[in-house]
Amino acid sequence: MISFLDLKGINAQYREELIQACTKVIDSGWYIQGSEYKEFEKEFAGYCGTKYAIGVANGLDALILILRAYKELGVMKEGDEIIVPSNTYIASILAISENNLVPVLVEPDINTYLLDPAKIEEKITSKTKAILPVHLYGQTCQMDKINKIAEKYNLKVIEDSAQSHGAYFGDKRSGNLGDASGFSFYPGKNLGALGDGGAVTTNDEELANSIRALANYGSHKKYENLYKGVNSRLDEIQAAILRVKLRYLDEETSRRRAIAGYYLQNIKNENIILPNLADEESHVWHLFVIRTKNRDGLQKYLLENDIQTLIHYPLAPHRQVAYKEWNHKEYPLSEQIHNEVLSLPISGIQSIQDTKTIVDVINDFE
Ligand SMILES: *Cc1c(COP(=O)(O)O)cnc(C)c1O
């Protein structure tokens, strides 16, 4: 069986270094916000090209805290509207709801599956305060167009970079393409911890300070509370693990690109739509997503041939029970995408041999 994602194998590459990093933390006697955490924040900000990175508990919290900080700073208030793609992982939308802000869904571009800049302006009202583009599957959105619209209407741009560590748009990386960005280090992400983790990146000092305080009980100074905050911190031990893995991220990405390149060149089945990419550097291939009318048939056929695939995602956010109020609405492109996409195995340790097997099986599918 070719598994969808061999996390054990991925982390086994760095086993000795990871054990050393954990041992160092265990022996330090300092388990929350110690030197590993501080160093990781510096290194991750450096990697993204931003002035600040703030380690938080997970990717959803990263997005929640950005919006919460903007509320505390008076940039937005409850009931304000945030523009977000209709096809995304639900967490992008949950972060908005959690803040009692209103998610305004915008249909994607059917070719890239990303937020369509041409459909944003018609959704802007006097209550719109931000655009939240999601670099879905690892490819950056058209940030030049999105930032231009944001400038015209005085909106914040909050990137969801949970799937796009290291992806470029022009000469800047994901995390440095808007006003603030949320990252996830969930184990299966391109930069994955051995547990939960997340970060916010930004160049805005005031915002960074506010998020840092909010994530630490609302406290900027021990026992002094500016806000009614929460506890959302990146663990010291996860920070130590992430420092090891960050050093290999670009190498992992280039191996993912090689697998994606092989798929793109060799899948030749006219029933299958391959991913559309703007340029090499804009995509870090968190997922390699193909599209076909007979998606369920293809998935079953691949499984019969010992190839495991997944669907990202089977149900559109507006069809979820959690968003009952939207169940009657129609987002046809998003629904079509949810009905037709299939994610093929891809990782930095996948062999060309396995990749070739997958390609051959797909090319034989009728
Ligand atoms: C994974 C993910 C998140 C949430 O990150 P967690 O660390 O799991 O909370 C948010 N947005 C997108 C697009 C994701 O893929």
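For the numbers below, each heavy atom of this structure counts, side chains included, while hydrogens, waters and symmetry mates do not. Both ligands and their constituent atoms are indexed starting at 1 by order of listing.
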Trainee: Atom 12 (C) of ligand 1: which of A162, A95, P85 has the nearest heavy atom?
Mentor: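 It is A162 whose heavy atom sits nearest to atom 12 (C) of ligand 1.
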Trainee: Should you measure from each heavy atom of G59, which atoms of ligand 1 turn up under 4.0 Å away?
Mentor: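 Numbered from 1, ligand 1 contributes 5 (O), 6 (P), 7 (O), 9 (O).
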Trainee: Would Y113 end up clustered with Y89 when hydrophobic side chains under 4.5 Å apart are linked, directly or stepwise?
Mentor: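 Yes; tracing contacts between hydrophobic side chains, which count when under 4.5 Å, links both residues.
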Trainee: Charged N to carboxylate O below 4.0 Å: is that the case for D179 and K129?
Mentor: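 No, D179 and K129 are not salt-bridged.
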Trainee: Would you call E72 and K228 a salt bridge, using N to O less than 4.0 angstrom?
Mentor: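 Salt bridge between E72 and K228, a charged N being under 4.0 Å from a carboxylate O: no.
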Trainee: If you take the centroid of each ring, where Trp contributes its six-membered ring, are Y47 and F183 closer together than 6.0 Å?
Mentor: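 They do not qualify: ring centres at least 6.0 Å apart.
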Trainee: Does ligand 1 come near enough to D196 that some N or O of the ligand is less than 3.5 Å from an N or O of the residue?
Mentor: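 No - when backbone and side-chain N and O of D196 are compared with those of ligand 1, no distance drops under 3.5 Å.
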Trainee: Determine, considering heavy atoms only, which of V56, T88, V134, L60 sits nearest to atom 9 (O) of ligand 1.
Mentor: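 Result: the heavy atom closest to atom 9 (O) of ligand 1 is in L60.
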Trainee: Does ligand 1 come near enough to L136 that some N or O of the ligand is less than 3.5 Å from an N or O of the residue?
Mentor: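 So ligand 1 has no N or O lying under 3.5 Å from an N or O of L136.
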Trainee: Measuring from atom 2 (C) of ligand 1, which candidate in K189, H135, Q163, H312 has the nearest non-hydrogen atom?
Mentor: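 Looking at heavy atoms only, the winner is K189.
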Trainee: For atom 10 (C) of ligand 1, what is the nearest protein heavy atom, given as residue, atom name and distance?
Mentor: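 Result: A91 CB, 3.4 Å.
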Trainee: Can we say E39 and K42 salt-bridge, meaning some charged N sits less than 4.0 Å from an Asp/Glu carboxylate O?
Mentor: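 The answer is yes: the pair qualifies as a salt bridge.
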Trainee: Taking side-chain contact (heavy atoms from CB on, under 4.5 Å) as the criterion, tell me which of L105, L114, V134, L132 meets it with T88.
Mentor: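 Exactly one pass, corresponding to V134.
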Trainee: When you measure from atom 11 (N) of ligand 1 to each heavy atom in L287, N58, D160, which option holds the nearest one?
Mentor: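 Selected option, by shortest heavy-atom distance: D160.
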